[in-house]
Amino acid sequence: MSLSNASENQVLGILLKGTEPAYVTGPTQYVALVSDAGGGANVSEATPIANELTYTGYQRVAITKATGWTDNTDNFTNAAQLIFGKRTDAGATQTATAFVVCDTGPTGGTAITMGIIGDLTADLDISQNIQPLFDIGTLTVTAT
């Protein structure tokens, strides 16, 4: 897990100055699927959503903060099943390598102010009629 550069600075602001960004009190956050064009754990901390998937049927999944994550003492995992849109186009296969928890909804584009980047345990190839689904406890966020 890593934080976007903006999030790293905002965490320091919270801890050192007591300044909370507006998204802290919002009830909802979103999970996006991204591809790492370079392979491996190289999703950009500067622009974590730059390689977000774009297939027809895709959109970010909303999570309610109060109930969306299970605290396992040394990490957090998704507390509910996450189901992304089914791919309906026949374009080239897109491969999700990571997820980004962000503060901006399905049509927010790349303008996010908070991003937590987590690697998927295995790359997920998404072609026509594939619907990405993550069971409870399969997305893990760990502070390192």
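Computed over heavy atoms, backbone and side chain alike; hydrogens, waters and symmetry mates excluded.
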| Rounded to the nearest 0.5 Å, what separation is found between the CD1 atom of I112 and the OG1 atom of T47? | 9.0 Å
Are any side-chain N or O atoms of [X] and backbone N or O atoms of [Y], one a donor and one an acceptor, separated by less than 3.5 Å?
| X | Y | result |
| --- | --- | --- |
| K65 | G26 | yes |
| Q59 | A32 | no |
| N78 | G137 | yes |

Would you say the side chain of [Y] lies within less than 4.5 Å of the side chain of [X], judging by non-hydrogen atoms?
| X | Y | answer |
| --- | --- | --- |
| R60 | C102 | yes |
| T64 | W69 | no |
| Q29 | M114 | yes |
| T77 | N72 | yes |
| T97 | N51 | no |
| Y55 | I126 | yes |
| V31 | I63 | yes |

Check residues 127-136 and write down every donor-acceptor pair under 3.5 Å in which the side-chain atom is one partner and the other belongs to a residue at least two apart or another chain.
residue, atom, partner, partner atom, Å
Q128, NE2, T88, O, 3.3
Q131, NE2, F84, O, 3.0
D135, OD1, Q81, NE2, 3.0

Cluster overlap [X] with [Y], hydrophobic side-chain contacts below 4.5 Å:
| X | Y | result |
| --- | --- | --- |
| Y58 | Y30 | no |
| L124 | L82 | yes |
| V34 | I83 | no |

| query | side chain to side chain donor-acceptor pair (under 3.5 Å) between T113 and D103: does it pass, once the steps are laid out? | reply | CA-CA 7 Å; T113 54; D103 61 317; 2.4 Å; yes
| task | List, by chain and then residue number, the residues other than L16 in its hydrophobic cluster (Ile/Leu/Val/Met/Phe/Trp/Tyr, side-chain heavy atoms under 4.5 Å); write none if there are no others. | result |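 Hydrophobic cluster check, L16: joined to L12.
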| said: I need the minimum non-hydrogen distance between V100 and P48, along with the two atoms involved. | reply: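 Smallest interatomic distance, heavy atoms only, reads CG2-O, 3.8 Å.
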| query | Taking all atoms of both residues into account, what is the closest heavy-atom pair of T140 and T142, and its distance? | reply |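 Looks like CG2-OG1, 3.5 Å.
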| request: Please name the residue in the list D123, L33, L120 that meets the side chain to side chain contact (heavy atoms under 4.5 Å, CB included) test with T95. | output: D123
| said: Once salt bridge (Lys or Arg N to Asp or Glu O under 4.0 Å) is applied, do any residues pair with D89, and if so which ones, sequence neighbours excluded? | reply: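 Testing D89 for salt bridge (Lys or Arg N to Asp or Glu O under 4.0 Å), a comparison that skips the adjacent residues, returns R87.
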